[in-house]
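Everything below concerns the one structure shown next.
Proteins get letters first, then strands, A, B, ... in listed order; numbering begins at 1 in each.
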Amino acid sequence: MIKPQQMKNIMGTLLLLGTLLSACLVGVGGILYLIHYGNDPIPTIFPTQVWQFDFSFTPIGLIKIGLLALVVVQILRVSLLCGFYIATRDYWFSLISSFILFVLIYSVFWRA
Amino acid sequence: MTILTFSIVLFAFSCLAGLLGALTGLGGGVVVIPVLVLLFHVNIHLAMGASLISVIATSSGTAAAYLREGYTNLRIGLFLEVAAVIGAFIGALLIPIISTTLLTCLFSFVLFFSAYLTIRRREEHETYQSSHAWANYLKLNDQSYTVQRVPAAFCMMGIAGMFSGLLGIGSGTLKVLALDQALRLPYKVATTTSNFMIGITAAVSAGIYFKHGYINPLICFPVMLGVIAGSFFGATVLSRIETRFLRILFSIIICLIGLQMLYNTLIGATS
C-alpha cells in the first residue's frame, strides 16, 4: 500500500515536471513569436479573445498549449489524490476530491 | 513600443514580482496586475488573467519542495479546497457583471489589507489539548498539532476563493490567515498548505477566464516565465536574508500602488 508521504513525493515530481514542461512550451512559443513579430508595435488595445481549442504549432498555438498544460497538471494532481483516497477506502475524502475534480474539469472544458 | 521591448520590460518586472513574492510571502499577483494596468495600460481583465497564470505556475513549481519536506497537510488542504473552488467558480463567473471601477477599488482594498497583514507581527498560539469535532471526524489532526474552528476556516476559504476568482490573485494572504488564525496550525504548515491549495483554486478560475477571453498569450508569456524565474531565484538563493525590513518596505510600496490605482480609477484615467 502506498504511503501518504510517497504520494506527496509523486505529486511533487508531477507538479515540478508539469510546470517545467509548460514553461518550456510557453518559452519556445514566445521566443519564436518574438523572432517573427518582435519588431511589430504592440497593439494599442490588447483584445480579449475567447479561447478556441484549435491548437496549431504556430508560436501563439505553442504558448496556448503550454498555458493549458499548466491547468491540466492541476487536474492531474487532483486525480492523483482522488485515486489515492479511493484506493485507501477513505470515503469522505474520495467524495471531497471527486467533487473538486468535477468543478475543475467543468470550469476548464465546459463551453456554453 | 515594439512587442520585443514590451516582452523584455514585462519579463523584468515579473522577475522582480516573483522575487519579492518569494521573499515576503506576498504572491506575485499584487505586483503584476498594477504593473500591467498602470505602466502598460492593459485592460484590468487581461492583467488579472496573466496574474492568475503566474499564480498557478509559482504554486506548482514551489509545491514540489514543500511536499517533500512533509509539512503540507493534504487532508486539511483538500477539505477547505471545497469552499475555495466554489468561491473561485462564483467569483470568476461574476467578473463580466461587475464594473472595472468596482474591481479596481476591490483590488486596491485587497492591497491595503495584504500590506497590513504582512507588517503585523505574528503572535504565537497557545497550545490546545483537544481539537474541533469536525477535525476529529475527518482526521485532520497531526501528531504534533491539533485543529481548531473548522467551520470558520471553511467560510474564510470560500471568501478567499471568491477574491481569487474575482481578482485573478492567489489570495494566499487570506488563506494563510484562515489556516493560521482559525485552524491554529503551526505557521510552516499554514504557509505550505496554502501554497498547495492556491494552484487548484486558481486553475478553476483560469478555466472560466479562458472562456471570457481574459487570458492573452502575448501578455502571459513574459509574465509567467518572469515570475517563475524570480520566485525560484528568491527561494533558493536569497532564502536566508532578513526579510523583516523588506516586508515593511514592500508593504509601503503596495499601499502606494493601491492609492495610485484608486486615484486613477476614481478620476477615470484608466478604462
Contacting region of A:Leu104 [heavy-atom separation from chain B under 4.5 Å]: both

Residue pairs involving residues 8-35 of chain A (criterion side chain to side chain donor-acceptor pair (under 3.5 Å); sequence neighbours excluded): A:Gln5-A:Asn9

Test side chain to side chain contact (heavy atoms under 4.5 Å, CB included) applied to B:Ile200 and A:Leu101, A:Ile75, A:Ile100, the passing residue: A:Ile100

Does some side-chain heavy atom of [Y] sit less than 4.5 Å from a side-chain heavy atom of [X]?
X	Y	answer
B:Arg75	A:Asp90	yes
B:Phe196	A:Met11	yes
B:Phe221	A:Leu34	yes
B:Val204	A:Tyr106	no
B:Leu218	A:Ile60	yes
B:Met224	A:Leu67	yes

When B:Thr62, B:Val82, B:Ile228, B:Ile208 are compared by non-hydrogen pairs under 4.5 Å with chain A, the top option: B:Val82

Chain A interface, residue from B:Ile219, B:Val42, B:Thr72, B:Thr5 that has the most non-hydrogen pairs under 4.5 Å: B:Ile219

Atom of [X], atom of [Y] and distance for their closest heavy-atom approach:
X	Y	result
A:Gln74	B:Gly199	OE1-C, 3.6 Å
B:Ala203	A:Ser107	O-OG, 4.3 Å
B:Leu78	A:Ser97	CD1-CB, 4.0 Å
B:Ser60	A:Leu15	O-CB, 3.6 Å

Could you tell me which portion of [X] (side chain, backbone, both or neither) has an atom closer than 4.5 angstrom to a non-hydrogen atom of chain A?
X	answer
B:Ile53	both
B:Met1	both
B:Tyr66	neither
B:Ala206	side chain
B:Ser59	side chain
B:Leu225	side chain

Residue selection (most heavy-atom pairs with chain B, distance under 4.5 Å) from A:Pro59, A:Gly66, A:Gly29, A:Ala23: A:Ala23

Greatest number of heavy atom pairs closer than 4.5 Å to chain B - which of A:Leu16, A:Val71, A:Leu70, A:Val103: A:Leu70

Side chain to side chain contact (heavy atoms under 4.5 Å, CB included) between B:Leu74 and A:Met7, worked out: CA-CA 10 Å; B:Leu74 291 183; A:Met7 204 258 313; 3.5 Å; yes

Positions in residues 76-84 of chain A that reach chain B, provided some heavy atom is under 4.5 Å away: A:Arg77, A:Val78, A:Leu81

Residues from residues 83-90 of chain B approaching chain A under 4.5 Å (heavy atoms): B:Val85, B:Ile86, B:Phe89

Gap between atom CZ of B:Phe79 and atom CH2 of A:Trp92 - 0.5 Å precision: 8.5 Å

Check residues 7-18 of chain B and write down every donor-acceptor pair under 3.5 Å in which the side-chain atom is one partner and the other belongs to a residue at least two apart or another chain.
from, atom 1, to, atom 2, distance (Å)
B:Ser7, OG, B:Ile3, O, 2.9
B:Ser14, OG, B:Leu10, O, 2.7

